[in-house]
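Read through the structure below, which is laid out as structure tokens, and then see the notes.
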Amino acid sequence: MGRSSLLNLINEMVPVADGQTTPVLVIEGCGGSGRTRLLTKIAEEWQGKTPTVLVRPLELDGDDDSAVRPVLAAAMLGLSVGAPGYNISFPRVILAHIAMQENDADINPDVALVRLRERINTYTDRTALTAFLTRLVEAVGALAGNIKFPGAAEIAPDTARGIAEAIVMRLQRSTWLVKRTWSSQVWSWFGHQGQGLSTEPENALLRLARQYRSEDADIRRDVDDLLVAALLADLRYGLANAANRPANVVVLLDDADTAAARSFVRSLIRVRRAIADIPRNPESALPDPLTIVTTSGGLLAGELAAEQPAAQHWDETELPGTVRLSGSWLRVSTADLSRDNVFQLTKGFDWPDHIGTGRIASPVYRLTRGHPQSTEFVLKRLQAQPSWLNTVDLDQLLHGVEDTLLLPFVRALDEKRVVNPALLTALITLSAARNRQEAGALTTLLPAPVGRDSQLFTSPTLWIGRDGRLRPLVRYLGMRALSRRPADDDASWTVVFETLRANTDTAGRLHHDRMLGHRDQVAAELAELRGGMRCADWLALLDEVTATVDPRERDIDVIRGVDQPSTSVGHIARLLGVIPALDHDPCLTVPADIKILRAHARHSFTRIADDGDDPLPCLLRADRYQD
């Protein structure tokens, strides 16, 4: 829901363009934003129309997760399923994988070369090659979503062998693999690799066999680039003569912040640029028939931005009707559900007849701001507890589940998408800060090993806006969790806000004093400042001081104060409780309470309007709170 413009963009990228290489599309969003569901929808759309694979790097198991090999192998296997009218084979990728089975790094180079030739010739036999590919499918095929049965932990042996036999049959039909040897075109490619290199093919394969186990970053980069170049060459040559091909092949790469996925995408962009930079390159004359769509929480996009020219970047809600597909990559930040989207989503649930959809959808949207996973969670929980519906009791709904709702955001900060308890604790502490810059003052209160270099501080999908604010839902949930910490905790409510108070400006100091319970003192200082400031400036300061609701203040008499104010200080003190509740508390849902607080706000703003020479801004502010 609410993804039509992004789906339209992707559907524009898949059809064949006139010799144009399609940029990598990076879909960026926070945890729980629905990125995986989006890729699943795209896979369903194009499966059967063009070779399509959904690769899930989080299925990786083992130590070989920082090189492109498993992701590339999964992409190859998934695309091998094919589609009507497409007959793709991957001789270069397969030959590279055969070479990587050699482990002769410590023997004489001439002997190693002889052994490599013997091994390669062994796999010209159909039975041997089928057995080899079966093992490859079993090893990494689980990463390819379209060949892994739903719910299966691994590829079934019969399925693996069937896929391997189909790949071998396709190789033989396409003449890439002839009776006694690999075709000269495939063999010679390893000498130039589509980039104008002048290397003996056998030496290039032997070098690959020796290097691919290396942990050296530069060597791994060379290996990655050769493998990715082989994949692109197989696609280019394999589809060069496909008649009336309507669409590119599609690789959907989920959770592309994992090391293996980042290596794959970065290598893909490097190789494409290297091929394009060679004048009159025969390989450049062949269309690049690959569309790749990835999802990221911000890490991949950050790395690409540091290495590549600036990408076109849109918010999902601002995508133009027609996008100019230029550059090596594009970046789209996902948007949360709109108010109308939440309303429509709410209509899909069964509610009591006496309760209208809007009565539920409005407070749910105010709480979640349209965050997809949280919205779904809250609606399901409300449906399961009808007793909460009369006043849409979100306070009761959230009690004890704040951590649960924070988990998707925390999980997205970990490369393996595993919830790190230290990150959750740290996020709750940082929720007290008004922005990312202020959050730096809390570093000493965070559990080890969380520091300023953590994704917790750098994530562009967790901190939003020009001033780098935590997402409102995340901040509110974190503040509720923070308020439950024991008073003797090293990062208790009091310790956290006192730390912030000592490292901020005037507005921040007054804000944090209010959160520490010093409402009367803050009101007195604001009253003193009122006389020397323009009313508009003073209201801007008041907005900063009241920008955060105190989740501990649930009783309406605590929020408004028991006594009727008779002075400007008293009215400002009342506003310090009423404004955060009215403007920022999503759990304020009782209509009678809202009516009372709005009347108080209107009265107090009208009362303090006379304290300066320009009462109009205060009077206009009072009008906001008319029923």
Side-chain angles (χ1 to χ4, degrees), residues 28-33 35 255 257 296-299 302 334 336 367-369 371-375 377-378 398-465 467-486 489-500 503-504 508 511-512 515 547-552 584 586:
E28 194 173 70
C30 65
S33 60
R35 292 166 295 165
D255 291 303
D257 289 337
S296 168
L299 185 57
T334 58
D336 289 329
L367 169 66
T368 67
R369 307 297 178 96
H371 179 255
Q373 187 167 333
S374 301
T375 300
F377 177 91
V378 171
L398 291 177
H399 184 71
V401 300
E402 292 92 347
D403 287 6
T404 300
L405 284 167
L406 285 172
L407 292 184
F409 300 97
V410 176
R411 187 178 293 112
L413 300 176
D414 184 85
E415 183 179 302
K416 295 290 189 181
R417 299 298 183 259
V418 175
V419 173
N420 183 332
L423 280 178
L424 175 60
T425 300
L427 178 59
I428 292 170
T429 299
L430 295 186
S431 67
R434 296 176 301 154
N435 52 53
R436 178 160 39 193
Q437 180 178 359
E438 194 173 79
L442 299 175
T443 305
T444 57
L445 301 181
L446 304 182
V450 182
R452 287 300 298 269
D453 59 343
S454 166
Q455 271 241 78
L456 181 61
F457 280 97
T458 61
S459 170
T461 58
L462 187 65
W463 303 88
I464 58 176
D467 53 351
R469 294 167 286 105
L470 269 179
R471 288 179 167 269
L473 173 63
V474 175
R475 187 160 191 239
Y476 180 69
L477 294 171
M479 294 278 283
R480 286 179 64 104
L482 180 63
S483 69
R484 297 199 311 269
R485 281 184 180 167
D489 193 287
D490 291 340
S492 67
W493 180 280
T494 299
V495 171
V496 168
F497 278 103
E498 285 180 344
T499 302
L500 290 172
N503 296 274
T504 190
H511 173 279
H512 302 321
M515 301 302 288
T548 307
V549 64
D550 188 336
R552 302 171 302 174
H584 305 294

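- From S492, atom OG reaches atom CD of E498 across 8.0 Å, with rounding to the nearest 0.5 Å.
- Here the NE2-CZ distance, from H512 to R434, works out to 5.0 Å after rounding to the nearest 0.5 Å.
- Under the 3.5 Å distance criterion, the side-chain polar atoms of W493 are left unmatched by any main-chain donor or acceptor of A432.
- L470 approaches S431 most closely through the heavy-atom pair CD1-CA, 3.6 Å.
- A side-chain donor-acceptor contact under 3.5 Å links R436 to the backbone of F457.
- Nearest approach of P408 to G32, heavy atoms of both residues: CB-N, 4.1 Å.
- Here the CG-CG distance, from L430 to L456, works out to 5.0 Å after rounding to the nearest 0.5 Å.
- Taking both residues in full, the closest heavy atoms of S33 and P372 are given as O-CG, 3.6 Å, listed atom of the first, atom of the second, then distance.
- Checked by atom type and distance alone, the side chain of T499 never pairs as donor or acceptor with a backbone atom of L442 at under 3.5 Å.
- Looking at every heavy atom in both residues, R452 comes nearest to T443 through CD-OG1, 3.3 Å.
- Each of T368, L398, L473 was evaluated against L405; a single residue qualifies, L398, per the side chain to side chain contact (heavy atoms under 4.5 Å, CB included) test.
- Taking 4.5 Å as the limit, every side-chain heavy atom of N420 sits out of range of all side-chain heavy atoms of V450.
- Salt-bridge check for D255 with R35: failed, with every basic side-chain N at 4.0 Å or more from each acidic carboxylate O.
- Counting only N and O atoms by type, the side chains of E438 and H511 include no donor and acceptor under 3.5 Å apart.
- Residues I428 and G478 share a closest heavy-atom pair of CG2-O, 3.5 Å.
- A distance-only check finds no donor-acceptor pair linking the side chain of H584 to the backbone of P472 [under 3.5 Å].
- Tested against H371 for a side chain to side chain contact (heavy atoms under 4.5 Å, CB included), the candidates V378, D336, V474 yield a single pass: D336.
- A distance of 5.0 Å separates OG in S454 from CG in L423, rounded to the nearest 0.5 Å.
- Remark: T504 OG1 to Q437 CD distance equals 9.0 Å, nearest 0.5 Å.
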Apply side chain to side chain contact (heavy atoms under 4.5 Å, CB included) to S296 and D257, showing your working. CA-CA 6 Å; S296 168; D257 289 337; 2.8 Å; yes
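- Judged purely by atom type and a 3.5 angstrom limit, R475 uses its side chain to pair as donor or acceptor with the backbone of A433.
- Distance CZ/F497 to OG1/T548: 7.0 Å, rounded to 0.5 Å.
- Applying the 6.0 Å contact sphere to CG of D467 captures more than 12 heavy atoms from other residues, nucleotides or ligands.
- A donor-acceptor pair is defined here as one N or O able to donate and one able to accept, closer than 3.5 Å; such a pair exists between the side chain of R471 and the backbone of T461.
- R469 contributes no side-chain N or O that, together with a main-chain N or O of N435, makes up a donor-acceptor pair within less than 3.5 Å.
- Taking every heavy atom of both residues into account, I464 and P460 meet most closely at CG2-O, 4.2 Å.
- The backbone N or O of D490 lies less than 3.5 Å from no partner atom in the side chain of R485, so there is not a single donor-acceptor pair.
- Under the side chain to side chain contact (heavy atoms under 4.5 Å, CB included) test applied with L445, the options D489, T425, V496, L500 reduce to a single match, V496.
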